[in-house]
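Nothing here was measured: the structure is a model prediction, and the numbers come from that model. In listed order, ligands and their atoms are each counted from 1.
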Amino acid sequence: MAKRVALAYSGGLDTSVSIEWIKEATGAEVFAVAMDVGQQGEPLEDIRNRAIACGAKDAYVVDCRAEFAKDYCFPAIRANAMYEGQYPLVSALSRPLISKHLVAAAKKFDCDTLAHGCTGKGNDQVRFEVSIQSLAPELECLSPIRDLSMTRDKEIAFAKEKNIPIVIKEENPFSIDQNLWGRAIEAGFLEDIWNAPDSDPDSDGIYIYTDDPDIDRPVDELTITFKEGYPVAIDGKNLAPLELIEEMNKRAGAQGVGRIDMVESRLVGIKSREIYEAPGATSLIIAHKALESVCLEREQQRFKLGVEQKWGELIYDARWFSPIKQSLDAFINDTQKYVNGDIRIRLHSGRVTVVGRKTDTGLYDYNLATYEEDDQFDQLSSRGFIKIYGLQDRQAAARRNRLGK
Ligand code: ARG
């Protein structure tokens, strides 16, 4: 039986009542752990006070935004990470970081057990528990919402009975997860996958990070500077990873960039509809890809596409800390040493358009590419090249003719 439990605490209804549940069910002391990953929620101090008011023995709150930007979002840019070609892994990227701090808090408070407030239908329960198993296999894990099949009504009744000072907000029709990298919105009328996101009175509350792309407004043109595959400056101004992502969220969000409406394949076998808004992630990845297309050698670039897809799937599938992910990182990192330079983009009407590239470490050679006078490409050698290159297909054609098939 657990003696001391560290609970990933958001300050919301689920995790607030979980404190008391865990205490009653196990007799353990509960330590609340809250993290800021850029969700723009309540101040951490308020969350800490609520945890204690709801019965936590102590609370540990930590601002992880800079770490999330540098060690999780930035690698996702290098990997051009888009699950199923569309989703920039907003929630999936934050779970290993939250798990890491949860484990650190467990050590600090000398806990033997961890707990999270996920339901039993999603990917996040898997991400937390698999991350924890990778980092601290000796720790047990509790999942009170999932394992007690809790519902909102049961939670509110329990809170009343036990005098837990929960703040009951008006019920949000959606389930939302948001952080620095973007926002994920599901449930409510979106569960009918024929319904457009703007087709219901509840639609008003859907988008927060992005403005309406259809409003007529001037184009925003900007230059992003990359160093070894990481964005380091916007319009010549150097910015730390956190500030840079915040700035891109603001500028791309103001142009309605980064809205995604998709049905995705969850790890647990369910297909689910999710709306995302990820203005910074979308535009940074588009810009990064444009620079890679100038700087990566052809086979390296082609091979990387497969690595990127696998990388995204691994992160989605709860394998951030896995050996295979580390091996893919080694490849990706090696590809980035010449990815330096400037990309000029235009943000407008929900679109990101690349309009210029500049690099001293690329493979684009004007003298080889040009159709003008100063062409240095030896066109006459192409004849011999094609003759040898096409040999295998000529041989196959000759056989076909010989055998008459
Ligand atoms: N479907 C996304 C993922 O698995 C987001 C999960 C959280 N979504 C939410 N709306 N609460 O990564």
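- Ranking protein heavy atoms by distance to atom 4 (O) of ligand 1, first place goes to N123 ND2, 2.7 Å.
- Closest protein heavy atom to atom 12 (O) of ligand 1: Y87 OH, 2.6 Å.
- The side chain to side chain donor-acceptor pair (under 3.5 Å) contacts involving residues 249-268 comprise E84-S265, E186-R266, T210-R259, D220-R251, D235-R251, D261-R273, E264-Y276, E264-Y316, S265-K271, R266-S272, where partners must be two or more places apart or lie in separate chains.
- The single protein non-hydrogen atom nearest to atom 11 (N) of ligand 1 is S175 OG, 2.9 Å, given as residue, atom name and distance.
- Relative ring orientation between Y87 and Y83 is described as perpendicular, the plane-to-plane angle rising above 60° on a 0-90° scale split at 30° and 60°.
- Taking 4.0 Å as the cut-off, R127 counts as a neighbour of ligand 1 on heavy-atom distance.
- Within ligand 1, the atoms closer than 4.0 Å to a non-hydrogen atom of A184 are 5 (C), 8 (N), 10 (N), numbered from 1 in the order shown.
- By the criterion of a heavy-atom distance under 4.0 Å, the side chain of E264, and not its backbone, is placed next to ligand 1.
- Protein heavy atom at the shortest distance from atom 5 (C) of ligand 1 is S91 OG, 3.3 Å.
- When each atom of ligand 1 is checked for a heavy atom of D124 under 4.0 Å away, the hits are 6 (C), 7 (C).
- Enclosure of atom OH in Y338 is not indicated, since only 12 or fewer non-hydrogen atoms of other residues, nucleotides or ligands lie within 6.0 angstrom.
- For the 3.5 Å distance criterion, the side chains of Q309 and E313 qualify, holding a donor opposite an acceptor.
- For Y72 and W320, the gap between ring centers is short of 6.0 Å.
- Taking the six-membered ring where the residue is Trp, H116 and F128 present parallel rings, their angle staying beneath 30° rather than reaching 60°.
- Nearest protein heavy-atom contact of atom 8 (N) of ligand 1 is E274 OE2, 3.2 Å.
- The side-chain contact (heavy atoms from CB on, under 4.5 Å) test applied to V126 returns V130, L267, V268, A318, not counting sequence neighbours.
- Proximity of Y276 to ligand 1 is established by a heavy-atom distance of less than 4.0 Å.
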